Amino acid sequence: MKMPEFNLRIPGPVPLPCEVREALSRDMIDHRGPEFAALFDEITEGLKYVFQTRYDILILTSSGTGGLEAALVNVLSPGERVLAVINGFFGERWFEIANAFGLEAIPLRFPLGSGADPEEVRKAIRKAYPCKAVLITHNETSTGVTNDLKAIAEAVRSLENPPLILVDAVSSLGAIDLRPDEWGCDVVVTASQKALMAPPGLSLISVSPRAWEAVEKASLPRFYWDFRKAREYANRRQTPFTPALTVLFGLRESLKLIREEGLDRIFARHREIAEFTRASIKSLGLRLFPEERWASNTVTAVRVPEGLRAEEIIMRMREEHATIIAGGQGELKGKILRIAHIGRVSREDMARAIEVLSKVLKNV
Ligand SMILES: *Cc1c(COP(=O)(O)O)cnc(C)c1O
């Protein structure tokens, strides 16, 4: 196998397995023809496996953010109240989208580096009645924190008249356990370029029966994102508009790889590699950014040591060692480094990246 030129350790897009890369060179097919129908079936079935769901799955052509916007415009009406649980940049972004669409979004913020407290979420919803939906980021990629989605969903569902639970699972689904049906998550959004190991270009969304009821009543304007149209076409094994065919070719292969390895083994591998990464970081004398009990299995955030510049560390790793890591976003810019271990990643990939980090730190 050809070694990758770079050790790309950013939290998406992730390096592609060679089976996926090869599939991307295929010529186009008729997206209204029988070959597409077979592709559509195969992908939908594979996605149901990765999503661990019996709910409907919709395929939209967009990056993850498009999927997050789609989730809101399909289940809500102008002026309706939603609670946005925020502990980082991506939670903030979803809150901003809610504001852009004229929803009455109430932010519930937790300190950066810690997870959301289920009981506080429950209380905030009760205070915000009638609250139609709660927006939760499962894995906050910007801080390297995984929220306890199961416990949060349980707390929310224990309320009388619970709001819809909408989940940004873009950097978790397929790498960290998430069970929409069992946990009662009504809309779960992910994207093709993270744990699903395909190129960017698709968002994948599960929709519960309760969410479908809301879709019928919702009156926010929608056209390209309309879930009803997507479902109607899915029944004919098509998408309403020309889909990102090339990404689908890649996704078909990555879903096969996921099935071959098995979800439980994939979750365990991410956990082990994350533990290895955190232990290695600490052994260099560096400090993790999040409280360790919240630390994510897909991305590790590290505090930049006093007196050093994040941009310089990142630039030297890139220029001198072909190793690409990410910095902080928003108010964490310059304060943290983020090293991702999501998708087809091995302990060796991480060991190499951390060795490079260690070398660069010794002479910055
Ligand atoms: C990557 C990511 C997104 C989506 O970003 P796009 O660039 O729109 O694909 C959304 N939420 C989280 C938590 C992410 O990690």
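As a basis for the values below, the full set of heavy atoms in this structure was taken, side chains included, without hydrogen atoms, waters or symmetry mates. Treat the numbers as computed from the prediction; the structure is a model and nothing was measured.
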Give a yes or no answer on whether the side chain of [X] reaches the backbone of [Y] with a donor-acceptor pair at less than 3.5 Å.
X: Tyr55; Y: Cys185; answer: no
X: Arg303; Y: Ile336; answer: no
X: His341; Y: Asn297; answer: yes
X: Arg237; Y: Leu39; answer: no
X: Asn7; Y: Asp349; answer: yes
X: Ser219; Y: Ser77; answer: no
X: Arg338; Y: Gly327; answer: yes
X: Asn147; Y: Leu149; answer: no

Kindly work out whether a path of hydrophobic side-chain contacts (I/L/V/M/F/W/Y, heavy atoms less than 4.5 Å apart) joins [X] to [Y].
X: Val188; Y: Leu72; answer: no
X: Phe51; Y: Leu255; answer: yes
X: Phe40; Y: Ile29; answer: yes
X: Leu263; Y: Leu178; answer: yes
X: Val75; Y: Leu103; answer: yes

Shortest non-hydrogen contact from [X] to [Y]?
X: Val73; Y: Ala218; result: O-CB, 4.4 Å
X: Thr143; Y: Ala301; result: O-CB, 3.4 Å
X: Pro107; Y: Ala105; result: CD-O, 3.7 Å
X: Pro11; Y: Lys194; result: O-CE, 3.3 Å
X: Gly88; Y: Ser142; result: CA-OG, 3.6 Å

Would you say [X] has more than 12 foreign heavy atoms packed within less than 6.0 Å of its [atom1]?
X: Glu331; atom1: CD; value: no
X: Arg81; atom1: CZ; value: yes
X: Arg26; atom1: CZ; value: yes
X: Asn363; atom1: CG; value: yes

Less than 3.5 Å apart, which donor and acceptor atoms pair up between the side chains of residues 153-169 and the rest of the protein, not counting sequence neighbours?
unit_1, atom_1, unit_2, atom_2, d
Ser158, OG, Ala155, O, 2.7
Asp168, OD1, Val170, N, 2.9

Residue set satisfying side chain to side chain contact (heavy atoms under 4.5 Å, CB included) with Glu216, at least two apart, ordered chain then number -> Arg228, Arg231
Please table the atom pairs, donor to acceptor, closer than 3.5 Å between any side-chain atom in residues 197-209 and protein atoms at least two apart or in another chain.
unit_1, atom_1, unit_2, atom_2, d
Ser203, OG, Ser62, OG, 3.0
Ser208, OG, Asp186, OD1, 2.7
Ser208, OG, Arg210, N, 3.4
Ser208, OG, Ala211, N, 3.0

For Val145, the hydrophobic cluster (side chain heavy atoms closer than 4.5 Å, chained through members) also holds Trp294
Excluding Val302, membership of its hydrophobic cluster (Ile, Leu, Val, Met, Phe, Trp, Tyr; side-chain heavy atoms within less than 4.5 Å) reads Ile273, Phe276, Ile281, Leu284, Leu286, Leu288, Val304, Leu308, Ile313, Ile314, Met317, Ile325, Leu337, Ile339, Val345, Met350, Ile354, Val356, Leu357, Val360, Leu361, Val364
Output the distance between atom [atom1] ([X]) and atom [atom2] ([Y]), rounded to the nearest 0.5 Å.
X: Leu245; Y: Leu24; atom1: CG; atom2: CG; answer: 12.0 Å
X: Glu272; Y: Thr277; atom1: CD; atom2: OG1; answer: 11.5 Å
X: Phe267; Y: Asp177; atom1: CZ; atom2: CG; answer: 4.5 Å
X: Asp181; Y: Arg179; atom1: CG; atom2: CZ; answer: 10.5 Å
X: Leu68; Y: Ile97; atom1: CG; atom2: CD1; answer: 5.5 Å
X: Glu22; Y: Glu253; atom1: CD; atom2: CD; answer: 9.0 Å

The side-chain hydrogen bond (donor to acceptor under 3.5 Å, both in side chains) partners of Arg278 (sequence neighbours excluded) come to none
Applying salt bridge (Lys or Arg N to Asp or Glu O under 4.0 Å) to Asp117 and not counting sequence neighbours gives none
Could you tell me which residues satisfy salt bridge (Lys or Arg N to Asp or Glu O under 4.0 Å) with Glu275, sequence neighbours excluded, listed by chain and number?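 Here no residue qualifies.
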Between Leu196, Ile258, Thr190, Thr53, which is the residue that forms a side chain to side chain contact (heavy atoms under 4.5 Å, CB included) with Leu47?
->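 Exactly one candidate clears the test, Leu196.
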task = Tell me, with the steps shown, if Lys217 and Glu80 meet salt bridge (Lys or Arg N to Asp or Glu O under 4.0 Å).
result = CA-CA 12 Å; Lys217 295 187 201 119; Glu80 278 184 334; over 6 Å; no
(message) Hydrogens and angles aside, do Thr239 and His31 bring a side-chain donor and acceptor to less than 3.5 Å of each other?
(response)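 Thr239 vs His31: no donor-acceptor pair found between side chains.
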Original post:
Is it true that the side chains of Asp41 and Thr44 contain a donor and an acceptor less than 3.5 Å apart?
Top reply: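 Looking only at side-chain atoms, Thr44 and Asp41 do not form any donor-acceptor pair under 3.5 Å.
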- Item | Worked verdict on Arg259 versus Glu45 for side chain to side chain contact (heavy atoms under 4.5 Å, CB included) | CA-CA 11 Å; Arg259 231 194 238 276; Glu45 206 186 303; 3.7 Å; yes
message: Let's go through Arg93 and Gln329 carefully: what are the C-alpha distance in whole Å and the side-chain angles of both, what is the deciding distance for side chain to side chain contact (heavy atoms under 4.5 Å, CB included) to 0.1 Å, and is it a yes or a no?
response: CA-CA 12 Å; Arg93 183 189 281 176; Gln329 295 159 290; 5.5 Å; no
_Are Lys256 and Glu42 packed together at the side-chain level, in the sense that at least one heavy-atom pair is separated by less than 4.5 angstrom?_
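Answer yes - side chains close enough.
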Do the side chains of [X] and [Y] get close enough for a salt bridge, i.e. N-O under 4.0 angstrom?
X: Glu182; Y: Lys150; answer: no
X: Lys282; Y: Glu292; answer: yes
X: Lys359; Y: Glu320; answer: no

The complete set of salt bridge (Lys or Arg N to Asp or Glu O under 4.0 Å) pairs with one or both residues in residues 49-72, sequence neighbours excluded, reads none
Scan for side chain to side chain donor-acceptor pair (under 3.5 Å) pairs involving residues 121-139, sequence neighbours excluded, and state none if there are none.
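Listed once each, the pairs are Glu119-Arg122, His138-Ser172, Asn139-Thr146, Asn139-Ser171, Asn139-Ser296, Asn139-Thr298.
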Here the ring-ring contact (aromatic ring centres under 6.0 Å, His included) pairs for residues 179-227, sequence neighbours left out, are Tyr224-Phe241
With ring-ring contact (aromatic ring centres under 6.0 Å, His included) as the rule and sequence neighbours excluded, what pairs involving residues 88-127 come up?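 As it turns out, there is no ring-ring contact (aromatic ring centres under 6.0 Å, His included) pair with a partner in residues 88-127 once direct neighbours are skipped.
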